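Worksheet for the structure shown next.
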Amino acid sequence: MIPAKFDYVRPSTVDEAVAALVAGGDDAKILGGGQSLMPVLRLRMGEPSVIVDTTRIDEMKGITDAGDAIVIGAGVTHDEVAKSPLVREHLALLAAATEHVADRQIRHRGTMGGAMAHADPAGDQPPVALAMGASFTIAGPGGRRTVPASEFFVDYFTTAVGPDEVLVSVSFPKHTGWSAHYEKLNRTAQAWAIVAAAATVRMDGGAIAEARIGLTNMGPGPIRATAVEQALVGASTMAAIAAAAEQAAEGTSPTEDIHADAEFRKHLARTLTKRAVAKAAGIS
Amino acid sequence: MQHINVTVDGTSYEAEVEPRTLLVHWLREGVGKVGTVVGCDTSNCGACTVLLDGRSVKSCSVLAVQADGCEVTTIQGLSTGDDWHPVQTAFKECHGLQCGYCTPGMVMAAVDLLNENPSPSEEEIRDGIHGNLCRCTGYHNIVKSVQYAAELMGGRK
Ligand SMILES: Cc1cc2nc3c(=O)[nH]c(=O)nc-3n(C[C@H](O)[C@H](O)[C@H](O)COP(=O)(O)OP(=O)(O)OC[C@H]3O[C@@H](n4cnc5c(N)ncnc54)[C@H](O)[C@@H]3O)c2cc1C
Ligand code: FES
Ligand code: FES
């Protein structure tokens with residue numbers, strides 16, 4: 001189908017984008033990579049009156065080394081994230097999860113900012129941002145603010161980004177030397193995760209010294225499995241990893257759908273967490 | 001209406017388009033590139049795949065206005081004169097199509113994959129074209145086609 005009519009604005013700075021959103025009122029919508037929004041427009045599930053295309057804002061495009069953190073512009077594509085030497089060196093888990101997003105064509109267009117702002121509970125990158133303690137820079141009419149991942153994801157498809165605000169960049173604390181694995185279960189090509197587990201670990205002499213675990217599609221937003229993270233400290237055997245992973249589903253409230261009921265999702269959370277940690281740690 | 005200037009298959013085009021026009025519709029109806037087809041409304045099928053500034057995209061999921069100032073290559077821009085692109089030759093030789101509806105997108109996806117990875121393994125090929133659906137072939141001969149294309153292109157170097 002052809003989308004309903006809209007006005008189109010293509011700002012070249014963040015300030016211009018905010019001004020366009022304010023001028024456009026409640027109905028204005030940002031277009032990032034368009035890989036979630038375009039299907040919505042084509043199916044006429046949404047009919048915004050103004051589209052603010054942020055893909056040509058230079059400030060939102062780079063991946064930069066900020067000392068303790070890697071800052072990724074909201075307009076950076078999934079393909080650029082997955083291949084970035086900086087990301088691969090300091091954020092192995094983000095690279096691993098991003099390689100699992102959709103297909104090549106969609107990774108060439110879809111962006112970091114769009115994936116975070118869209119906040120699909122089955123999205124592959126939000127749990128990574130949560131587990132790694134990322135923070136989000138958001139620009140609005142009142143200036144800029146920084147929001148931690150723990151406050152950014154609010155509910156199904158809902159984040160801290162207001163209707164007249166632009167997500168400018170996401171800053172990930174460096175996890176240099178940490179190894180990582182993203183374990184995703186889906187049944188068919190291009191399918192979103194039924195459940196996935198994101199694990200990154202710092203090893204010390206064959207044992208896990210620190211772990212960060214995120215879960216995909218186990219609730220209205222991404223979930224950080226802190227109980228598992230704590231239980232993993234010191235683990236050096238498969239049995240210890242399996243015991244820690246038993247706590248993965250605690251406190252989760254997964255949806256039920258045609259792919260899986262809640263009980264099965266909880267089982268998957270435990271099993272996939274075990275596999276993800278074992279692969280990240282190189283323990284079998 | 002929005003003014004755009006897009007290079008398609010090596011020729012520069014100026015046009016006035018409605019912002020809501022999808023790139024694939026402008027390519028077909030505005031430029032006559034009917035080799036690029038539409039197979040779905042959900043960005044799944046990949047039949048509409050073209051190269052935008054050298055990288056594969058689903059042209060149903062990009063607005064024509066977003067291609068302003070860019071270069072687009074469609075299936076109709078692959079051959080040089082009467083010489084087919086090796087990926088086209090490989091699809092013919094290996095019987096990589098039946099009804100042919102997915103083929104324009106499948107070929108463009110394969111071209112993009114081979115640009116990045118000139119000698120992909122079977123697994124890398126299956127992963128690389130998983131954004132393209134085929135209802136006829138069962139993919140087997142498509143994978144063989146891409147393998148043969150890789151060989152042909154390696155042979156050319
Ligand atoms: C067939 C298919 C399969 C997919 N499979 C997966 C998958 O397996 N895993 C996965 O994680 N994702 C998947 N995706 C989604 C894909 O990763 C999208 O790229 C992503 O969800 C949205 O990013 P985008 O840049 O395309 O955003 P858009 O579609 O442009 O925007 C999405 C939403 O975010 C808002 N937005 C965009 N940028 C900003 C910004 N800078 N500031 C504020 N708001 C903004 C928009 O207004 C819109 O509401 C799939 C998509 C398709 C079509
Ligand atoms: S027409 Fe199906 S993905 Fe573009
Ligand atoms: S050959 Fe018919 S859809 Fe692929």
Side-chain angles (χ1 to χ4, degrees), chain A residues 1-10 12 24 28-56 75 77-80 82-83 99-111 114 184 186-192, chain B residues 1-4 17-26 29 38 40-70 105 108-113 115-117 120 124-134 139:
Chain A
M1 260 169 19
I2 299 170
K5 276 191 196 231
F6 52 76
D7 289 330
Y8 174 81
V9 206
R10 190 162 65 207
S12 49
K29 200 96 186 104
I30 292 181
L31 176 65
Q35 303 305 291
S36 291
L37 188 55
M38 290 296 299
V40 167
L41 298 180
R42 291 174 67 197
L43 296 166
R44 299 213 179 181
M45 281 156 43
E47 301 192 3
S49 56
V50 182
I51 287 285
V52 180
D53 179 352
T54 54
T55 55
R56 304 234 181 151
T77 64
H78 304 324
D79 184 59
E80 290 162 345
K83 290 182 185 143
E99 284 172 353
H100 280 273
V101 172
D103 54 53
R104 289 173 67 80
Q105 290 97 316
I106 288 168
R107 289 195 298 272
H108 288 154
R109 289 296 292 177
T111 64
K184 173 172 175 176
N186 54 9
R187 290 194 197 284
T188 56
Q190 295 179 41
W192 296 68
Chain B
M1 297 297 259
Q2 201 89 16
H3 185 81
I4 57 169
V17 295
E18 256 194 287
R20 63 174 170 160
T21 310
L22 307 178
L23 177 58
V24 67
H25 288 144
W26 180 69
E29 288 153 31
V38 179
C40 74
D41 260 329
T42 52
S43 305
N44 283 106
C45 76
C48 62
T49 300
V50 299
L51 305 187
L52 181 63
D53 284 341
R55 311 307 310 271
S56 62
V57 301
K58 296 181 176 178
S59 61
C60 68
S61 306
V62 179
L63 297 171
V65 283
Q66 293 188 288
D68 184 25
C70 301
M108 297 313 289
V111 168
D112 177 71
L113 174 67
N115 280 343
E116 185 175 291
N117 181 355
E124 286 169 336
I125 293 171
R126 289 187 182 273
D127 184 63
I129 60 171
H130 99 260
N132 295 71
L133 304 180
C134 175
Y139 301 100

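Just so it is clear, the model here is predicted, and its values are computed rather than measured. These numbers come from the heavy atoms of this one structure, side chains and all, not from hydrogens, waters or symmetry mates. Chain naming here is simple, since letters A, B, ... match the order of the sequence lines and numbering starts at 1 in each.
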May I ask you to test the Arg109(A)-Ser61(B) pair for a side-chain heavy-atom distance under 4.5 Å? no

Between chain B and each of Thr55(A), Leu31(A), Asp7(A), count heavy-atom pairs under 4.5 Å; write down the option with the most. Leu31(A)

Which one of Gln35(A), Arg42(A), Lys5(A), Arg107(A) has the most heavy-atom pairs closer than 4.5 Å to chain B? Arg42(A)

Taking only residues two or more places apart in sequence, or in another chain, which ones meet Thr111(A) in a side chain to side chain contact (heavy atoms under 4.5 Å, CB included)? none

Are Gln105(A) and Asn132(B) linked by a side-chain donor-acceptor pair shorter than 3.5 Å? yes

Lys58(B)/Asp103(A) under side chain to side chain contact (heavy atoms under 4.5 Å, CB included): CA gap, chis, key distance, verdict: CA-CA 10 Å; Lys58(B) 296 181 176 178; Asp103(A) 54 53; 2.8 Å; yes

Between CD1 on residue Ile106(A) and CG on residue Asn44(B), distance to nearest 0.5 Å: 7.0 Å

According to side chain to side chain contact (heavy atoms under 4.5 Å, CB included), who are the partners of Arg56(A), at least two apart in sequence or on a separate chain? Arg10(A), Asp68(B), Cys70(B)

Gap separating the CD atom of Gln66(B) from the CD1 atom of Ile51(A), nearest 0.5 angstrom: 9.0 Å

Do Thr77(A) and Arg55(B) pass the side chain to side chain contact (heavy atoms under 4.5 Å, CB included) test, and can you show the C-alpha distance, the side-chain angles, and the key distance before you say yes or no? CA-CA 12 Å; Thr77(A) 64; Arg55(B) 311 307 310 271; over 6 Å; no

Is it the backbone or the side chain of Thr49(B) that comes under 4.5 Å from a heavy atom of chain A, or both, or neither? side chain

So, His130(B) side chain and Ala102(A) main chain: donor-acceptor pair closer than 3.5 Å or not? yes

With a 4.5 Å heavy-atom cut-off, do Leu43(A) and Thr42(B) have their side chains touching? yes

Within-4.5 Å side-chain heavy-atom neighbours: Leu63(B) and Phe6(A): yes

4.5 Å side-chain heavy-atom contact, His108(A) and Asp112(B): yes

Comparing Thr21(B), Leu113(B), Leu133(B) against chain A, the one with the most heavy-atom pairs below 4.5 Å turns out to be Leu113(B)

Which answer fits Cys60(B), side chain, backbone, both or neither, if we ask what part of it has an atom under 4.5 Å from a heavy atom of chain A? both

Please state whether the side chain, the backbone, both or neither of Val38(B) comes within less than 4.5 Å of a heavy atom of chain A. side chain

For Leu52(B), which atoms come within 4.5 Å of any heavy atom of chain A: side chain, backbone, both, or neither? side chain

Scored by heavy-atom pairs under 4.5 Å with chain A, the best of Arg126(B), His25(B), Glu116(B) is Glu116(B)

